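Only one structure is covered here, and it is reproduced in the block below.
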Amino acid sequence: MKRVCFILATLLFSAQYMYAQPSGYKKLDKWVDTWKTGLQTYFGYPINQKSELHDFYEWYLTTGMEVINLNNAGDPMTDEPWKMSSQAFEREVIEYFAPYYGFDINQVWGIVTHSGTDGNNHGIYFGANYLKNKTKMEPILYVSDEAHYSNMRLAHLQNIETRLIKSDKMGRMIAEELEKNLDTSRPVLMIYAMGSTFKGAIDDMEALNAVLDRHPEIPAVYRHVDAALFGGYLPFTQYRNMVSQQAMHFESIAISGHKFFGFDSPSGLFLCTRDTYDNQTNFNVTYLNSNMRMINCSRDAVQPLKFWWLIQKVGAEKWSKQAQQMLECTKYLKKSLDKIGWPAWVNEYSNTVFFRRPSQDIVSLYTLAQGYDEHFGGELAHIVVMQHVTQEKIDGFIEALKNSR
Ligand SMILES: *Cc1c(COP(=O)(O)O)cnc(C)c1O
């Protein structure tokens with residue numbers, strides 16, 4: 001009897017996870033199948049395919065939260081958050097992460113954003129307002145030519161004069177180029193790329209800060225760090241100082257939730273100093289009982305709950321292990337490519353390996369992202385080593401490369 005019960009329980013358990021109920025919509029079920037088979041080989045983009053939100057969804061549905069319809073419109077860091085929101089949890093998320101990004105807990109302001117881009121939007125908007133408020137002058141934005149395109153797009157959207165600074169071969173902004181292009185009579189809005197898109201380069205903030213420090217005549221400086229991907233894992237490594245506000249003296253930082261943290265839909269974190277917040281324009285919106293400094297009115301109330309959930313369920317210890325594994329597997333991938341003589345490069349601190357582009361079969365089989373750079377012989381591809389890219393899968397990839405020659 002016991003045995004039968006055990007078998008039944010096992011069957012039920014596996015039925016729940018392995019044979020998910022079909023939706024009854026053929027097209028949808030077929031589409032789901034394509035994802036189940038494609039999962040092993042998703043190498044080219046910085047998403048964590050080991051999402052740990054299963055329990056969250058179970059909790060969410062069994063409690064019937066889906067009909068409550070909360071909205072986080074308003075400021076989560078006030079002492080009177082809006083009632084129909086999850087802002088109390090959002091605030092806890094910001095206060096949990098603040099020390100990991102080197103912020104003084106009493107001097108931080110932040111929100112859970114809709115994405116890394118949303119965080120950059122706030123960084124640029126807050127930066128420009130901060131500088132205008134302090135100097136009564138229009139700032140100039142400086143960003144490397146290898147930074148994520150969202151920064152250029154947002155600078156354009158916000159109508160901010162922008163100078164694209166050349167980066168070196170490996171993708172880092174060149175300090176001398178910044179100095180050459182610097183207009184020291186105007187406020188400086190610096191964007192630091194923490195993870196250039198293709199090569200995974202990190203701007204050398206210390207070297208670039210040194211350039212700015214050499215020019216005390218600059219009316220005011222604001223530094224925003226675009227750390228969408230690397231800002232997820234670096235706080236949990238020995239390189240944590242690189243994303244530390246106190247060590248690097250930036251004013252704000254943006255991180256994505258759907259990259260390292262494994263959210264199943266876009267989300268992110270934006271953190272800034274209180275000084276930044278205090279230098280924003282007031283938008284008093286009485287019906288929200290709030291001073292609306294953030295750009296969006298409605299904001300997602302579920303994503304902060306997911307973040308809060310992951311802090312409890314995964315947390316720093318496990319994130320540290322994942323970060324370490326990712327960096328080890330990155331080294332392993334680079335070494336394996338070296339071993340078969342396949343030209344490959346990787347930046348320090350980075351989990352992104354770029355290499356000579358293989359055949360189109362392999363590019364599509366592994367969903368590799370493609371790039372082009374004459375410095376490295378032209379056609380390139382990259383792998384972003386996330387949690388699901390294990391040594392075993394790397395071995396499979398290397399075999400495929402060898403067989404393709
Ligand atoms: C992914 C990424 C972005 C864009 O972030 P989203 O969350 O996709 O909007 C911006 N900057 C960098 C460095 C990125 O890696």
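For ligands, and for the atoms within them, numbers begin at 1 and follow the listed sequence. Along the sequence shown, residues carry numbers from 1. These numbers come from a predicted model, not from an experiment.
- Of the protein's non-hydrogen atoms, the one nearest atom 9 (O) of ligand 1 is T117 OG1, 2.6 Å.
- For atom 6 (P) of ligand 1, the nearest non-hydrogen atom of the protein is G116 N, 3.5 Å.
- Each of the following atoms of ligand 1 lies closer than 4.0 Å to a heavy atom of A228: 1 (C), 2 (C), 3 (C), 10 (C), 11 (N), 12 (C), 14 (C), 15 (O).
- Salt-bridge check for R172 with E146: failed, with every basic side-chain N at 4.0 Å or more from each acidic carboxylate O.
- For the residue pair S23/D29, the side-chain donor-acceptor check at 3.5 Å is satisfied.
- When each atom of ligand 1 is checked for a heavy atom of S256 under 4.0 Å away, the hits are 5 (O), 6 (P), 7 (O).
- The backbone N or O of M137 sits less than 3.5 Å from a side-chain atom of T135, completing a donor-acceptor pair.
- For N120, no nitrogen or oxygen atom sits less than 3.5 Å from a nitrogen or oxygen atom of ligand 1, counting backbone and side chain alike.
- Checked by distance only, ligand 1 and G195 stay at 3.5 Å or farther apart across all their nitrogen or oxygen atoms.
- For atom 2 (C) of ligand 1, the nearest non-hydrogen atom from the set H148, K259, M194 belongs to K259.
- Salt bridge absent: D75 and R91 never bring a charged side-chain N and a carboxylate O closer than 4.0 Å.
- We find that D264 and K306 are joined by a salt bridge, their nearest charged nitrogen and carboxylate oxygen being less than 4.0 Å apart.
- Salt bridge present: K402 and E399 bring a charged side-chain N and a carboxylate O closer than 4.0 Å.
- Heavy-atom contacts of S115 reach the following atoms of ligand 1: 7 (O), 9 (O) (cutoff under 4.0 Å).
- The protein heavy-atom contact nearest to atom 8 (O) of ligand 1 is H258 NE2, 3.5 Å.
- Ligand 1 lies nowhere less than 4.0 angstrom from a heavy atom belonging to P266.
- For the pair A254 and G116, the tightest heavy-atom approach, listed with the atom from each and the gap, is CB-O, 4.0 Å.
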